[in-house]
Amino acid sequence: MNTIDRGPSSADRGALGGAVRPSRPTISRIAPVKRRGGYLAFGVAAFLVITAVVIVAVLRVGDRVQDEVAAGMDCSGKLAEAAAEVRTDRRWTAADLPGIGDYLEIHWQLRAAGDPCSRAPGPTDWRYQGFLRLRPDDARALRTGYAWVPLSASPGAGDGDTPSDVWPALSAHAPAAARWLHSSQYAAFFEQGPRWGDLYLADGDDVAFFVLYDH
């Protein structure tokens, strides 16, 4: 078989910064394998290489399956740890809960509504609960900006978690013997969009209880 070296291309000549005298094509000859034994040896070698590649691929698939199983077991443990943690980072803002402002303090938790460790396709829904210590001006603006009624008398309450459904680890941050107020007018903010939520105000205090649901 013949291979032809045609010299540098026009693009190469430009990259070199000037004209390059073209060289005459050179032809090199590759001698064909003349003996049947050479073809046989080549075939055996190719078969061995392909076999080795297949074996390595099968071993790697097995390793990956074991890794996924181990990751699944670890996922359950990490999920339990995440659900038990009471968080204080300022994850939630007025974009999530209108009117909460630059609050003074927060304690919140999350829980998975489904099983994020499952191999079934699809996203996992998440639930959130928390208590906010609002600044007095923000708490006052919320009270006067919406119509609030006692929780037991609010027709819009009960669609999700209420303060009576607070998760055990969060209950230590609830005001003692609080009378909770609810506003269907405020809850109407969450009728549209990917996240549903609600807010409850402690009567006579600047503490709010919130719930959020990603779906």
Side-chain angles (χ1 to χ4, degrees), residues 75-118 120-215:
C75 173
S76 299
K78 289 183 177 180
L79 180 63
E81 291 178 5
E85 181 181 357
V86 177
R87 304 163 188 267
T88 58
D89 56 294
R90 303 174 69 85
R91 165 66 178 82
W92 310 107
T93 68
D96 307 294
L97 296 159
I100 61 175
D102 184 21
Y103 48 84
L104 299 172
E105 187 178 313
I106 184 172
H107 296 87
W108 62 279
Q109 285 186 294
L110 61 81
R111 288 186 180 179
D115 183 7
C117 298
S118 171
T124 298
D125 295 344
W126 293 91
R127 304 164 55 202
Y128 309 92
Q129 287 187 2
F131 287 98
L132 295 164
R133 169 68 64 178
L134 303 174
R135 292 185 181 275
D137 289 347
D138 293 325
R140 189 178 306 110
L142 280 171
R143 290 193 192 94
T144 58
Y146 304 92
W148 299 86
V149 298
L151 178 58
S152 58
S154 179
D159 294 336
D161 292 342
T162 68
S164 61
D165 303 309
V166 63
W167 298 331
L170 282 176
S171 60
H173 304 284
R179 295 178 59 253
W180 292 100
L181 306 175
H182 182 259
S183 172
S184 298
Q185 185 183 8
Y186 184 93
F189 275 114
F190 302 99
E191 293 178 356
Q192 303 291 331
R195 178 179 290 146
W196 182 89
D198 211 342
L199 188 76
Y200 302 83
L201 294 181
D203 191 13
D205 202 337
D206 296 335
V207 174
F209 173 76
F210 71 86
V211 293
L212 290 166
Y213 302 91
D214 285 332
H215 58 82

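Predicted, not measured: the structure shown is a model, and the values here were computed from it.
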Those residues at least two apart in sequence (or on a different chain) that pass side-chain contact (heavy atoms from CB on, under 4.5 Å) with F190 are L97, P98, Y186, W196, L212
Sorted by chain and number, sequence neighbours left out, side-chain contact (heavy atoms from CB on, under 4.5 Å) with R135 holds for D102, L104, D138
| said: Less than 4.5 Å apart, side chain to side chain, heavy atoms only: is that true for W148 and L201? | reply: yes
Sequence neighbours excluded, the answer for side-chain contact (heavy atoms from CB on, under 4.5 Å) partners of T93 is A95, D96
Contacts satisfying salt bridge (charged side-chain N to carboxylate O under 4.0 Å, His left out) that involve residues 140-150 (not counting sequence neighbours) are D137-R140, R143-D206
Notebook entry, point to check: Between F210 and W108, does the ring centre distance come in under 6.0 Å?
Noted result: no
Looking only at heavy atoms, the pair that brings L134 and A208 closest together is CD1-CB, 4.1 Å
Would you call L181 and L151 a side-chain contact if the rule is heavy atoms closer than 4.5 Å?
-> no
Output a table of donor-acceptor pairs, distance under 3.5 Å, between side-chain atoms of residues 165-177 and any protein atom two or more places apart or on a different chain; print 'none' if there are none.
| unit_1 | atom_1 | unit_2 | atom_2 | d |
| --- | --- | --- | --- | --- |
| D165 | OD2 | T162 | N | 3.0 |
| D165 | OD2 | T162 | OG1 | 3.3 |
| S171 | OG | P168 | O | 2.7 |

Applied to residues 167-178, the salt bridge (charged side-chain N to carboxylate O under 4.0 Å, His left out) test, sequence neighbours excluded, yields none
Across all chains, not counting sequence neighbours, the side chain to side chain donor-acceptor pair (under 3.5 Å) partners of R87 are none
Contacts satisfying salt bridge (charged side-chain N to carboxylate O under 4.0 Å, His left out) that involve residues 166-181 (not counting sequence neighbours) are R179-D203
_Tell me whether T88 contacts the main-chain N or O of I106 through its side chain, where contact means a donor paired with an acceptor under 3.5 Å._
no
With sequence neighbours left out, the residues meeting salt bridge (Lys or Arg N to Asp or Glu O under 4.0 Å) with E105 are none
Across all chains, not counting sequence neighbours, the side chain to side chain donor-acceptor pair (under 3.5 Å) partners of Q129 are D161
Residues at least two apart in sequence or cross-chain that pass ring-ring contact (aromatic ring centres under 6.0 Å, His included) with Y103, listed by chain then number, are none
In terms of ring plane angle, is the pair F131 and F209 parallel, tilted or perpendicular, where the classes change at 30° and 60°? tilted
Residue set satisfying salt bridge (Lys or Arg N to Asp or Glu O under 4.0 Å) with R111, at least two apart, ordered chain then number -> none
Output for pair (L199 CG, L132 CG), nearest 0.5 Å, gives 7.0 Å
Note: S76 and C117 closest approach over all heavy atoms is N-SG, 3.4 Å
CH2 (W180) and OG (S152) are apart, to the nearest 0.5 Å, by 14.5 Å
key: Any H182 side-chain heavy atom under 4.5 Å of D198 side chain   = yes
To the nearest 0.5 Å, atom CH2 of W126 lies from atom CZ of R195 at 13.0 Å
